[in-house]
Amino acid sequence: MTQEPLAAAPRRRVLLPAPRSFCAGVERAIEIVERLLQQHGPPVYVRNQIVHNAHVVADLESRGAVFVGELDEVPDDALVVFSAHGVAPAVEREAAGRGLDTIDATCPLVAKVHAEAKRAADGGDTVILIGHEGHEEVVGTIGVAPDRTLLVESVGEVANLRVPDAERLTYLSQTTLAVTEVEAIAEALKVRFPAIKGQGADDICYATTNRQAAVAAVVDEADLVLVVGSANSSNSNRLVELANSAGVAAHLIEDAAAIDPAWLIGAETVAVTAGASAPPRLVDDVVRALAALGPIEVVERVHTRETQEFLLPQRLRPAATNRPR
Ligand code: SF4
């Protein structure tokens, strides 16, 4: 009796939308802490998580970084880093009042929104900030002009906004929101307050915009989307929502260990991406974990190539080169 040859197991396609993982602002913030640990030695205090990723935080902690929620947890002679999400001016004043040595790792694109908020408020406008209540970036931006800023989280909230003067308004947004969501809220603001100033979704940073566009470009081909990122990472959560809103199952995973094999049943094409605060090595781990579950074909889909770099703070730049970072 002749035997039928065994059919080869079908290869699962793994799509890697690009860009994914670290952005320039996150790389800069991590490098600031790393350089301080090298130059100054531990402990280096960091107010809040330097970036919203548990692996990054654990790695820096193992090398001597100490993460605190407030400055009162920091001794008087300490060196303190402000995280990439930015801080309210009141925090800077508190640090200066105590004579703390501080280094600001605020992403320059968050600092730009702070500058816009200050300019608008100094000019007499009320700032309408589109953002998520309680997010560290939002707390910092509101802190620029706390008496002149109103927070809006959804289109539905626009109808209930009470403003002191409808002719003196500027809207801004958190940098890591969904582009479509901000555009919808901005449109609702313009309908309700025709004189409002603002520039659509322009405050959303290039990294958030690009990661969303890269996922949007592949989501129709995917049966499943895995987003590597921590639960408190805003831009990572927006990637999950983007896939879900396209009708595709998506999961936010801290790392490869969080993959549930049940998700893969019937998933012939899996897209794997990562939020801007998630290290690239975690994506590599996920691809290896998928390969261990059956044959895969890995296909990278480059939507945009990023070239953005940010300078380190002056005192941390290499003296010889002052090379841009
Ligand atoms: S996600 Fe955007 S705003 Fe946040 S650190 Fe990266 S570039 Fe800066």
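Atoms within each ligand, like the ligands themselves, are counted from 1 in listed order. Along the sequence shown, residues are numbered consecutively beginning with 1.
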Around atom 6 (Fe) of ligand 1, find the nearest protein heavy atom and jot down its residue, atom name and distance.
Cys23 SG, 2.2 Å
Sub-4.0 Å atoms of ligand 1 with respect to non-hydrogen atoms of Cys205:
1 (S), 2 (Fe), 3 (S), 7 (S)
Under 4.5 Å between side-chain heavy atoms, counting indirect links through other Ile/Leu/Val/Met/Phe/Trp/Tyr residues: same cluster for Val26 and Val81 or not?
yes
Considering the heavy atoms of Cys107, write down every atom of ligand 1 situated less than 4.0 Å from one of them.
3 (S), 5 (S), 7 (S), 8 (Fe)
Do side-chain atoms of Thr175 reach the backbone of Cys205 as a donor and acceptor pair under 3.5 angstrom?
no
Any sub-3.5 Å donor-acceptor pair from Arg47's side-chain atoms to Leu71's backbone N or O?
no
Is there a donor-acceptor contact under 3.5 Å linking the side chains of Asn48 and His85?
no
Heavy-atom contacts with Tyr206 under 4.0 Å: which atoms of ligand 1 show up? List them by number with element.
7 (S)
Could you list the atoms of ligand 1 found under 4.0 angstrom from a heavy atom of Thr175?
3 (S)
I'd like to know whether CD of Gln39 has more than 12 heavy-atom contacts from other residues, nucleotides or ligands below 6.0 angstrom.
yes
Per-atom contacts of ligand 1 with Gly25, taking only distances under 4.0 Å to non-hydrogen atoms
5 (S)
